[in-house]
Each structure stands twice: as C-alpha cells, then as structure tokens.
Amino acid sequence: MLRILRPAISRTTRPIGRGLARIGVTANMVTLVGTAGVVASSLYFLPRGELFPGAVAITVFVLFDMLDGAVARAAGFESKWGAFLDSTLDRLADAAILVGLAVWFYGKADEPLLGGLALFCLVAGFGVSYIKARAEGLGVNCDVGLAERTERLIVILVSTGLAGLEVPYAQAAGLWLLAALSAITIVQRMVETRARLTEPGSRSREYS
C-alpha cells in the first residue's frame, strides 16, 4: 500500500517538509516528537478505555512522524543514523499502541482473549520487522508481505476508533485480521528470504 501511495504522499509532504526545514526543524526532531506523541497517547488514552480520542491522537502523531523523510530531503541531509533512529522508534511506537490496548483488555474491559490477541500482534509485528532487517543484514532484499507497517497501523487504528464509537465487534475483528495478516507476512518473508539465500550464487554467513 505504501509503495502505491508513495508518489501522492511525497507530493503532499514535500511543501510541509520544506516549511519545517526552513524554520530549523530537523528530521530527527520530527521523528522524536512523533514517536513521543504516539507513545504518550497510547499509554494515556488506551488503558483508560478512551479508544476513539486515543485513536485520533495517535493518528495525528503518526501522520506527523511521516514528515521526517520530507524534512530530511528538504534540508538535503538524509543520514544512515536518521534512518536507523526512525526504524527503531517506529518499533517502540507500534509496541506502545498494542501494550495500551492489552492493558485495557486485561484490566477494566475484562477481555483476556483480546488482550492475548494484542500481545500476539505485538510479537508478530516485531517478527515482521526483524525478518526484513535480518535478511537485509545478510545482503538480500525482503520487501514483501501483505502487512507492512502502514497496513498494520491502518487496521489497528481504524478498528480501535470504531470500537470507541461503540461499533459492535470492531475491535475484535481488527485484532483477528491484524493477527492473521501479520502471521501470513511472517511466512511470506521467511519463504522469500530462504529462496533468496539459497538461490545459486547467493553468498551468506550463518550466525547463531
């Protein structure tokens, strides 16, 4: 989805990135503020069961965090450290959303099954990201799968927002869908990585 939408997103964020860069805002500042906002919103609203305002606040900060690349390009300063920082903090932000939901489900909501699903999605999300990073560390591309970060965020934030509006079964449907998509993506990336690492002429090293 991100690959399909990237040209439109780039056109939208380019002037905003230029404006932020012009007033001295750096890409790393955008990354830090966006992540801090997602984490704070997730851990404040979601454990209290304030699902709709939580989903709205998280979405605002997620969209803000998307500007870091535009700011870096506008400033002419795209660094490996910035890319590393962005990827690392994305994992923390994603984890905060699912932890906030798990606390709510295991607490006042008294929905242990949904709490377990949230934790499964948390672990699976880390697995999806780790497989790609590990494959790239071994020198092969693994940019495949149904549920990359953008898709996972859309599913969880839309279902959480609808649940906050008391739409029946919205949260359960979203979590089951996210769990299934994440599991399928893990399998897809494992298969793709194995194919690339075992194809003739491929060179890799084994690590314990």
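- Checked by atom type and distance alone, the side chain of S182 never pairs as donor or acceptor with a backbone atom of C121 at under 3.5 Å.
- Closest approach of G161 to F52, counting heavy atoms only: O-CD1, 3.5 Å.
- Not one N or O on the side chain of T193 forms a donor-acceptor pair closer than 3.5 Å with the backbone of M190.
- L98 contributes atom CG, which lies 5.5 Å from atom CG of L122 (distance to the nearest 0.5 angstrom).
- The cluster map of Ile, Leu, Val, Met, Phe, Trp and Tyr, joined by side-chain heavy atoms under 4.5 Å apart, puts F45 and F61 in different clusters.
- Note that CG of L157 is 11.0 Å distant from CG of L162, once rounded to the nearest 0.5 Å.
- Applying side chain to side chain contact (heavy atoms under 4.5 Å, CB included) to F64 and the options V38, T31, T59, V30 leaves one that passes, V30.
- When all heavy atoms are compared, the tightest approach of P47 to S42 is CD-O, 3.1 Å.
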Pair F84, K80 - check side chain to side chain contact (heavy atoms under 4.5 Å, CB included), show working. CA-CA 6 Å; F84 171 82; K80 291 182 179 180; over 6 Å; no

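- When atom types are taken as modelled, the side chain of Q188 and the backbone of L146 share a donor-acceptor pair closer than 3.5 angstrom.
- Of all heavy-atom pairs between E151 and A147, the closest is CB-CA, 4.1 Å.
- Summarising the geometry, atom CG belonging to L89 is positioned 8.0 Å from atom CG belonging to D65; distances are rounded to the nearest 0.5 Å.
- Both W176 and I156 are members of a single hydrophobic cluster when ILVMFWY side chains are connected at heavy-atom separations under 4.5 Å.
- K132 is not listed as a side-chain neighbour of E192, based on a closest heavy-atom distance of 4.5 Å or more.
- Under the 4.5 Å side-chain heavy-atom criterion for Ile, Leu, Val, Met, Phe, Trp and Tyr, V103 and L119 are members of the same hydrophobic cluster.
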Side chain to side chain contact (heavy atoms under 4.5 Å, CB included) between T160 and W104: does it pass, once the steps are laid out? CA-CA 12 Å; T160 298; W104 164 244; over 6 Å; no

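- Between the CG atom in L178 and the CZ atom in R152 there is a gap of 7.5 Å [rounded to 0.5 Å].
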Please assess E148 against R189 for the test salt bridge (charged side-chain N to carboxylate O under 4.0 Å, His left out), listing each intermediate value before the final yes or no. CA-CA 11 Å; E148 296 188 3; R189 290 191 169 182; 3.8 Å; yes

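- Hydrophobic clustering places Y106 together with L114 (ILVMFWY residues linked when any side-chain heavy atoms are closer than 4.5 Å, directly or through intermediates).
- Under the 4.5 Å side-chain heavy-atom criterion for ILVMFWY residues, no single connected hydrophobic cluster contains both V123 and V187.
- Smallest separation of non-hydrogen atoms from A163 and A170: N-CB, 3.9 Å.
- Remark: S41 OG to L46 CG distance equals 8.5 Å, nearest 0.5 Å.
- Separating the CD1 atom in I131 from the OG1 atom in T185 is a distance of 9.0 Å, to the nearest 0.5 Å.
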